Amino acid sequence: MIRRIVGKTLGLLGYTIQYGCIAHCTFEYMGEIVICSGPSMEPTIQNYDVLLCNNLSRHFFSIHKGDIIVAKSPDKPSVNICKRVIGLEGDKVCTSSPSALLKRHTYVPKGHVWLEGDNLENSTDSRRYGPVPYALIRGRICLRIWPLESFGPLKESPNGRIQDN
């Protein structure tokens, strides 16, 4: 009887480990569901919208200007941020606020991206912490799944900050 209980327990443990590994690989390498909070991406993404994140994009270097991505925060690595890609390596980007009279510019270094929130007046982004290493990108947002009335792909940048260089 004890042998049967131990056998069933070990079998259950084996299945749990297998499915745990499958779930980990799926969420780490293929995609995940994320909930964005905070005002930095308004009006494109509202507080607590549920989004589908495609993690394969970062592995195949298919991140482009205008994409909305999830990345580890350069300030707090335990926190994920959701921002729009404004510039890729080698691009010239504006580093000053939209209301500044004198505009400052910089070039995005190799292996980095420039990230900004769509709500420029209320966003902590590359204008504060500088270019973000490509290695901190977790994935690209491809679809809003909640609320249902907003289901579908996300809109273009509302502030026109993406330049072709």
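Computed from a predicted model, the values in this text were never measured in an experiment.
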Hey, could you give me the SG/CG distance between Cys36 and Asn80, rounded to the nearest 0.5 Å?
9.0 Å

So does Pro109 get a backbone contact from the side chain of Glu89, meaning a donor-acceptor N/O pair under 3.5 Å?
no

Verify the neighbour count for atom OH of Tyr48: are there more than 12 heavy atoms of other residues, nucleotides or ligands below 6.0 Å?
no

Note, Val79 side chain near Lys72 side chain (heavy atom, < 4.5 Å):
no

Any non-hydrogen side-chain atom of Ile35 less than 4.5 Å from a side-chain atom of Asp49?
no

Would you please name every residue forming a side chain to side chain donor-acceptor pair (under 3.5 Å) with Ser40, sequence neighbours left out?
Lys83

Give the minimum heavy-atom separation between Arg84 and Met41, together with the two atoms involved.
N-SD, 4.1 Å

Inter-residue atom distance Ile81.CD1 - Lys76.NZ, 0.5 Å rounding
11.5 Å

Between Asn119 and Pro39, is there a donor-acceptor pair closer than 3.5 Å when you use the side chain of the first and the backbone of the second?
yes

Taking side-chain contact (heavy atoms from CB on, under 4.5 Å) as the definition, give me every residue that meets it alongside Leu143, ordered by chain and number, with sequence neighbours left out.
Leu52, Ile145, Phe151, Pro153

Smallest heavy-atom separation, Gly90 atom then Tyr107 atom, equals O-CD2, 3.6 Å

Under 4.5 Å between any side-chain heavy atoms of Val34 and Ile141, yes or no?
yes

Output for pair (Glu116 CD, Thr124 OG1), nearest 0.5 Å, gives 12.0 Å

To the nearest 0.5 Å, tell me how far Asp118 CG sits from Cys82 SG.
9.0 Å

side-chain contact (heavy atoms from CB on, under 4.5 Å) partners of Pro133, counting only residues at least two apart:
His112, Leu136

Does any non-hydrogen side-chain atom of Asp67 lie less than 4.5 Å from one of His64?
yes

Considering all heavy atoms of both residues, which atom of Ser37 and which atom of Asn47 are nearest to each other, and what is their separation?
CA-OD1, 3.0 Å

Apply side chain to side chain donor-acceptor pair (under 3.5 Å) to Asp125 and list each qualifying residue two or more places apart in sequence or on a separate chain.
Ser123, Arg127

Work out which heavy atom in Pro147 is nearest to a heavy atom in Arg144; give both atom names and the distance.
CD-CD, 4.2 Å

Please report the shortest heavy-atom distance between Glu32 and Arg138, naming the atom on each side.
OE2-NH2, 3.1 Å

Has the side chain of Ser126 got a donor or acceptor atom that lies under 3.5 Å from a matching backbone atom of Leu115?
yes

Contacts of Ile2 meeting side-chain contact (heavy atoms from CB on, under 4.5 Å) (sequence neighbours excluded), chain-then-number -> Val6

Quick one: CD1 on Ile17 to CG on Leu13, what's the gap to the nearest 0.5 Å?
4.0 Å

Distance check, rounded to the nearest 0.5 Å: Trp114 atom CH2 versus Leu88 atom CG?
13.0 Å

Please list, chain by chain and in numerical order, all residues satisfying side chain to side chain donor-acceptor pair (under 3.5 Å) with Arg128, sequence neighbours excluded.
Asp75

Using a 4.5 Å cut-off on heavy atoms from C-beta on, say whether the side chain of Val85 contacts that of Ile63.
yes

